[in-house]
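The next block holds one structure in the form of structure tokens; read it before the comments.
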Amino acid sequence: MIVIYVVILAVVVVFAIQNTAALTIHFLSFDFHMPLSIPIIMSLLIGILIGALYFQVNSYKETRLLKKQIKEAEAKANKTEMENKLLQHQLDENIAMRKGNLDADGRAKISK
């Protein structure tokens with residue numbers, strides 16, 4: 001990855017060296033004198049910053065959504081597990097009733 005950064009930096013340096021023509025930028029009542037490469041590089045950097053900010057915001061939203069989905073899935077799994085235990089207990093009682101293995105209260109005698 002560092003190789004890519006070095007290549008990009010080399011391209012920017014070559015661009016800056018080759019575009020040294022004087023440029024005057026008029027903004028409100030200010031005049032800025034600089035080489036042509038400076039405003040182009042500044043525009044590039046501003047674009048990179050805006051893109052990074054956009055990526056961070058989307059990443060944050062996606063992370064929140066995924067955490068919510070995980071929480072919902074865990075709640076559903078817990079509910080399903082409880083239902084499974086209840087059904088297993090009912091099944092054990094039905095099997096015990098059919099075999100006649102009930103205690104005095106009518107509950108299944110389950111040996112484990």
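Values in this document were obtained by computation on a predicted structure and should not be read as measured data. Note: hydrogens, waters and symmetry copies are ignored here, and every other heavy atom, side chains too, is used.
Put simply, L45 and I25 are part of the same group of oily side chains (I, L, V, M, F, W, Y) that touch within less than 4.5 Å, one to the next. The cluster map of Ile, Leu, Val, Met, Phe, Trp and Tyr, joined by side-chain heavy atoms under 4.5 Å apart, puts M34 and L28 in the same cluster. Both I38 and F32 are assigned to one and the same hydrophobic cluster, defined by single-linkage of ILVMFWY side chains at heavy-atom distances under 4.5 Å. Using a 4.5 Å cut-off between side-chain heavy atoms of Ile, Leu, Val, Met, Phe, Trp and Tyr, with links allowed through other members, F27 and I41 fall into the same hydrophobic cluster. Linking ILVMFWY side-chain heavy atoms closer than 4.5 Å, directly or via other members, places L44 and V13 in two distinct hydrophobic clusters.
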Pairs under 3.5 angstrom only: tabulate donor-acceptor contacts from the side chains of residues 55-72 to other protein residues two or more places apart or in another chain.
residue: N58; atom: ND2; partner: Y54; partner atom: OH; Å: 3.2
residue: T63; atom: OG1; partner: S59; partner atom: O; Å: 2.8

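Heavy atoms only, all atoms of each residue included: L23 and P39 are closest at CD2-CG, 3.5 Å.
Rounded to the nearest 0.5 angstrom, I48 CD1 and L53 CG are separated by 14.0 Å.
No hydrogens or angles considered: a donor-acceptor pair under 3.5 Å links the side chains of Q88 and D92.
For K76, there are no salt bridge (Lys or Arg N to Asp or Glu O under 4.0 Å) partners at least two apart in sequence or on another chain.
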